[in-house]
Enquirer: 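The structure under discussion is supplied below as C-alpha cells; questions concerning it will follow.
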Amino acid sequence: MLSLSDYTGRRILVTGASGFLGGSLANYLSATNCEIVRLSRPGRVLPPLAGVARTIDSCGDYANRATWERALDGVSTVFHFAAQTSVQVAERDHELDIAANVVPK
C-alpha cells in the first residue's frame, strides 16, 4: 500500500474531480509536494485546495480523445473517478451508459 509520501514529486491526474471521491482524493493529495491535475466536465467550478501541492484545473469531454491526450501529458499516476452517474440516464439509454462507464477511450 502506498503512503502519501510515495506521491511526492509526481504529476497526478484525478478525473471526476468535481465529484465526492475525486474531490476528496485531490484534497488528501494536496498535503504532499506534487502536481495535481484535476479533470472535470465543462462548467464545473472546483474549490481551491489548501496544501503544498500545485494544482492544475482542466475540463473537457471524457468521450473526446483530445481531452485525454491533453490531460495525460506528463502524468505518472491516474485516479479515474469520472463516470456517468445518473440513474435516469442509465435507464433511458443503456448503451450510452456502458460507453461512458465501461468502454475504454
Side-chain angles (χ1 to χ4, degrees):
M1 179 181 221
L2 294 175
S3 70
L4 187 58
S5 64
D6 292 319
Y7 295 99
T8 300
R10 292 189 187 198
R11 184 173 188 163
I12 303 164
L13 172 63
V14 178
T15 70
S18 61
F20 178 76
L21 293 176
S24 296
L25 178 64
N27 188 53
Y28 174 73
L29 290 170
S30 72
T32 193
N33 187 15
C34 64
E35 186 172 77
I36 303 169
V37 178
R38 300 188 297 176
L39 181 60
S40 63
R41 291 184 179 110
R44 302 291 173 112
V45 177
L46 300 173
L49 296 177
V52 296
R54 180 171 174 245
T55 306
I56 299 169
D57 292 337
S58 182
C59 65
D61 180 357
Y62 297 111
N64 185 325
R65 185 177 190 93
T67 297
W68 289 103
E69 290 171 353
R70 179 178 29 90
L72 289 168
D73 186 39
V75 166
S76 62
T77 305
V78 176
F79 291 99
H80 183 45
F81 294 109
Q84 187 296 109
T85 59
S86 169
V87 172
Q88 292 81 12
V89 170
E91 289 177 347
R92 186 172 53 245
D93 191 339
H94 301 289
E95 290 180 17
L96 176 67
D97 191 61
I98 289 171
N101 293 330
V102 180
V103 178
K105 304 297 180 232

Enquirer: Residues in side chain to side chain contact (heavy atoms under 4.5 Å, CB included) with Ser18, at least two apart?
Expert: Ser40, Arg44, Leu46

Enquirer: In chain order, what residues pass the side chain to side chain contact (heavy atoms under 4.5 Å, CB included) check against Arg70, with sequence neighbours excluded?
Expert: Ser58, Thr67

Enquirer: For residues Tyr62 and Leu39, report the shortest heavy-atom separation together with the two atoms involved.
Expert: OH-O, 3.0 Å

Enquirer: Among residues at least two apart in sequence or on other chains, which ones pass salt bridge (charged side-chain N to carboxylate O under 4.0 Å, His left out) with Arg54?
Expert: Glu35

Enquirer: Check whether any side-chain heavy atom of Ser24 lies under 4.5 Å from a side-chain heavy atom of Asn27, and answer yes or no.
Expert: no

Enquirer: Leu21 and Val14: same hydrophobic cluster, using ILVMFWY side-chain contacts below 4.5 Å?
Expert: yes

Enquirer: Going by the rule side chain to side chain contact (heavy atoms under 4.5 Å, CB included), which residues pair with Val78 if we only count those two or more places apart in sequence or in a different chain?
Expert: Leu13, Leu72, Val75, His80

Enquirer: Between CZ of Phe79 and OH of Tyr28, what distance do you get to the nearest 0.5 Å?
Expert: 10.0 Å

Enquirer: Shortest non-hydrogen contact from Ser3 to Asp6?
Expert: N-OD2, 2.6 Å

Enquirer: How long is the straight-line distance from CD1 of Ile56 back to CD1 of Ile36, given to the nearest 0.5 Å?
Expert: 10.0 Å

Enquirer: Heavy atoms, side chains only, cut-off 4.5 Å: are Ile12 and Val37 in contact?
Expert: no

Enquirer: side-chain hydrogen bond (donor to acceptor under 3.5 Å, both in side chains) with Thr77: which residues, sequence neighbours excluded?
Expert: Arg10

Enquirer: Can you list everything that forms a side chain to side chain contact (heavy atoms under 4.5 Å, CB included) with Thr55? Sequence neighbours excluded, please.
Expert: Arg38, Leu49, Asp57

Enquirer: Can you name the closest pair of heavy atoms from Pro42 and Asp61 and give their distance?
Expert: CD-N, 4.5 Å

Enquirer: Nearest heavy-atom pair of Tyr7 and Cys34: which atoms, and what distance?
Expert: O-CB, 3.4 Å

